[in-house]
Every structure is written in C-alpha cells, then in structure tokens.
*Asks:* 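Okay, here's the structure, questions in a sec.
Note that these values count all heavy atoms, side chains included, but never hydrogens, waters or copies made by symmetry.
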Amino acid sequence: MAEPERTTERRMRPAPLLFEPSEAAADPEHFFDLESMEDPGELLSRATELTLAFRAATDRAVEFQAMAAAQLADPRRFDRLTPGEIGERAGWTEDYAKKMIDFGRDLLRGAR
C-alpha cells in the first residue's frame, strides 16, 4: 500500500461514478459502458474521467482509514488498539499502521 501523503494542491473534481444496472454489473466484460464506445477519443476521455474519479475515491478512503486508525489508537480510549492490532485488522504492517495513525492524527487536528 502506498505511503499516506497529503498534497496542498486543490483537489480535482472528477466525473461522478455512475452506478450500473445489476444486469450490466453481472457481466464481467461490462465496465461503465466503456466496452461499447466506438470513438477512441470519447473512450480516452471517459476512461480518463473514471481513472481520476477512482484515484480521488482512493485518496479519500485512505484519509478515512487513517482517521479511523488514529481514533482506534487514541490513548484516552479504554479499548484502544495497538498499532499491531490495527495493522492486523487493516492488512497493514505494524510500521505502516504507525504511519497511518500519525497521518490520521494530523488529519483530525486539521478537521477540528
């Protein structure tokens, strides 16, 4: 997993991810209707929009993971978890869990 990093540049607003009908989602070849696009320019544009949307979603999810890790490791909690326990729950190494806890603490300080 990549190291948590916060950039100061303004976040791009990617195209929204649209939910697909359940019949389309059941087809493993179907992916946001990209397979049906004939125009390569349109395909590149929409695929790029989706790439940016997924990256933004990933970044946001990592921030929430970090905040949750920081909250779970909070020494004021009677049921706090160690970095090793948090790492085990999230599938991280203990060292990475420590970095995520620190990152989450930074985010929580900025959010309050």
*Asks:* Minimum heavy-atom separation for Arg80 to Asp74, with atom names?
*Replies:* CB-O, 3.2 Å
*Asks:* Minimum heavy-atom separation for Ala73 to Arg105, with atom names?
*Replies:* O-NH2, 3.6 Å
*Asks:* Hey, is the main chain of Gly41 close enough, under 3.5 Å, to the side chain of Ser45 for a donor-acceptor pair?
*Replies:* no
*Asks:* Nearest 0.5 angstrom please: Leu43 CG to Leu34 CG, how far?
*Replies:* 6.0 Å
*Asks:* Any non-hydrogen side-chain atom of Val62 less than 4.5 Å from a side-chain atom of Met100?
*Replies:* yes
*Asks:* I need the minimum non-hydrogen distance between Pro83 and Ala97, along with the two atoms involved.
*Replies:* O-CB, 3.3 Å
*Asks:* What pair of heavy atoms forms the shortest contact from Ala66 to Leu107, and how long is it?
*Replies:* CB-CD1, 4.3 Å
*Asks:* Mind running side-chain contact (heavy atoms from CB on, under 4.5 Å) on Met67 and Phe103 for me, showing each step along the way?
*Replies:* CA-CA 8 Å; Met67 290 187 289; Phe103 180 49; over 6 Å; no
*Asks:* What's the spacing between Leu81 CG and Gln71 CD if we round to 0.5 Å?
*Replies:* 12.0 Å
*Asks:* When you look at Asp106 and Arg109, which way does the salt bridge (Lys or Arg N to Asp or Glu O under 4.0 Å) test go after all the steps?
*Replies:* CA-CA 5 Å; Asp106 289 344; Arg109 272 194 290 273; 2.6 Å; yes
*Asks:* Just how far is it from atom CG of Asp79 to atom CG of Leu72, taken to the nearest 0.5 Å?
*Replies:* 8.0 Å
*Asks:* Using a 6.0 Å cut-off, check whether atom CD of Glu88 has over 12 heavy atoms from anything other than its own residue.
*Replies:* no
*Asks:* Are Lys99 and Trp92 side-chain neighbours, meaning at least one heavy-atom pair lies under 4.5 Å?
*Replies:* no
*Asks:* Residues in side-chain contact (heavy atoms from CB on, under 4.5 Å) with Leu44, at least two apart?
*Replies:* Thr48
*Asks:* May I ask you to decide if Phe31's main-chain N or O and Glu35's side chain share a donor-acceptor pair within less than 3.5 Å?
*Replies:* yes
*Asks:* For Asp39, is there any backbone N or O sitting under 3.5 Å from a side-chain donor or acceptor partner on Glu42?
*Replies:* no
*Asks:* Set out, in order, the CA-CA distance, both residues' side-chain angles and the distance that settles side-chain contact (heavy atoms from CB on, under 4.5 Å) for Glu94 and Thr82, then state yes or no.
*Replies:* CA-CA 9 Å; Glu94 185 174 345; Thr82 66; over 6 Å; no
*Asks:* How long is the gap from CZ on Phe54 to CG on Asp59, to the nearest 0.5 Å?
*Replies:* 13.5 Å
*Asks:* Could you pull out all residues at least two apart from Asp102 that satisfy side-chain hydrogen bond (donor to acceptor under 3.5 Å, both in side chains)?
*Replies:* none
*Asks:* Would the number of heavy atoms belonging to other residues, nucleotides or ligands and lying under 6.0 Å from CZ of Arg89 be above 12?
*Replies:* no
